[in-house]
Amino acid sequence: MDWIILFIGSICEVGWLIGMKYAQGFTRLWPSLIMVFFMAASVGCLGLAVKTIPAGTAYAVWTGASIAAATLVGVFLFNEPTTVLRLGSIGLILLGIIGLRLGGVNLK
């Protein structure tokens with residue numbers, strides 16, 4: 001369940017990024033408020049997840065999933081460029097997330 005909460009937090013991070021884009025430097029009230037809501041939800045989910053997921057792993061997955069999702073949102077919502085290198089890099093981030101999730105073997 002904590003991994004699901006962590007991924008919800010990553011999606012919330014993308015929500016505040018989108019809100020930030022539409023807030024235009026905090027000059028628009030509603031997008032700014034939406035951004036603050038998603039910021040709190042994102043960090044709150046991360047805080048819940050680190051109760052059982054190691055903090056370094058949780059933070060890496062939280063930011064990595066957010067980066068991948070934000071890039072895809074940027075491509076589809078804001079017409080940001082897609083290149084093989086950019087998409088390949090997102091693929092590597094996703095592979096890293098999968099590795100962190102599956103690599104829960106304690107080597108101590």
Side-chain angles (χ1 to χ4, degrees):
M1 186 63 175
D2 290 321
W3 284 94
I4 294 170
I5 291 170
L6 186 60
F7 280 108
I8 291 170
S10 293
I11 299 304
C12 288
E13 190 170 358
V14 176
W16 73 259
L17 179 66
I18 293 168
M20 185 183 296
K21 181 87 168 170
Y22 286 112
Q24 297 177 349
F26 300 103
T27 59
R28 298 178 62 209
L29 177 63
W30 287 109
S32 297
L33 292 175
I34 289 168
M35 183 188 75
V36 170
F37 168 79
F38 279 116
M39 281 177 139
S42 179
V43 173
C45 287
L46 176 62
L48 291 172
V50 297
K51 290 167 128 179
T52 59
I53 301 170
T57 299
Y59 186 71
V61 170
W62 181 66
T63 56
S66 300
I67 290 166
T71 301
L72 293 176
V73 167
V75 166
F76 290 108
L77 191 61
F78 302 121
N79 295 320
E80 293 177 358
T82 57
T83 64
V84 172
L85 181 59
R86 194 168 191 218
L87 295 177
S89 298
I90 296 303
L92 290 172
I93 291 170
L94 294 175
L95 283 174
I97 291 169
I98 292 167
L100 287 170
R101 175 62 181 105
L102 297 177
V105 177
N106 191 353
L107 298 177
K108 291 183 180 179

Distance, nearest 0.5 Å, that separates [atom1] of [X] from [atom2] of [Y]:
X: Leu6; Y: Ile53; atom1: CG; atom2: CD1; answer: 5.0 Å
X: Ile34; Y: Leu29; atom1: CD1; atom2: CG; answer: 9.5 Å
X: Tyr22; Y: Gln24; atom1: OH; atom2: CD; answer: 10.0 Å
X: Leu102; Y: Ile97; atom1: CG; atom2: CD1; answer: 12.0 Å
X: Phe38; Y: Leu17; atom1: CZ; atom2: CG; answer: 12.0 Å

Check [X] against [Y] and note the closest heavy-atom contact, atom names and distance.
X: Val50; Y: Ala58; result: CG1-CB, 3.7 Å
X: Ala70; Y: Val14; result: N-CG2, 3.8 Å
X: Leu100; Y: Trp3; result: O-CH2, 4.3 Å
X: Ile5; Y: Leu48; result: CG2-CB, 4.1 Å
X: Thr27; Y: Ser32; result: N-OG, 4.5 Å

Does Val61 share a hydrophobic cluster with Trp16, counting links as ILVMFWY side-chain heavy atoms below 4.5 Å and allowing steps through other members?
no

Mind checking whether Met20 and Phe37 sit in one hydrophobic cluster, side chains of I, L, V, M, F, W, Y counted as touching below 4.5 Å?
yes

Is any side-chain heavy atom of [X] less than 4.5 Å from a side-chain heavy atom of [Y]?
X: Leu46; Y: Glu13; answer: no
X: Cys45; Y: Trp62; answer: no
X: Tyr59; Y: Thr63; answer: yes

For the pair Ser42 (side chain) and Gly9 (backbone), establish whether a donor and an acceptor sit closer than 3.5 Å, ignoring hydrogens and angles.
yes

Counting N and O atoms only, with roles assigned by atom type, does the side chain of Ser66 sit under 3.5 Å from a partner on the main chain of Ser10, one being a donor and the other an acceptor?
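At least one qualifying donor-acceptor pair exists.
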
Run through Leu72, Thr71, Val75 and flag the one making a side-chain contact (heavy atoms from CB on, under 4.5 Å) with Thr82.
Val75

Could you tell me whether Phe78 atom CZ has more than 12 heavy atoms of other residues or ligands within 6.0 Å of it?
yes

Can you sort out the partners of Arg28 under side chain to side chain donor-acceptor pair (under 3.5 Å), two or more places apart, ordered by chain and number?
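Expected list: none.
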
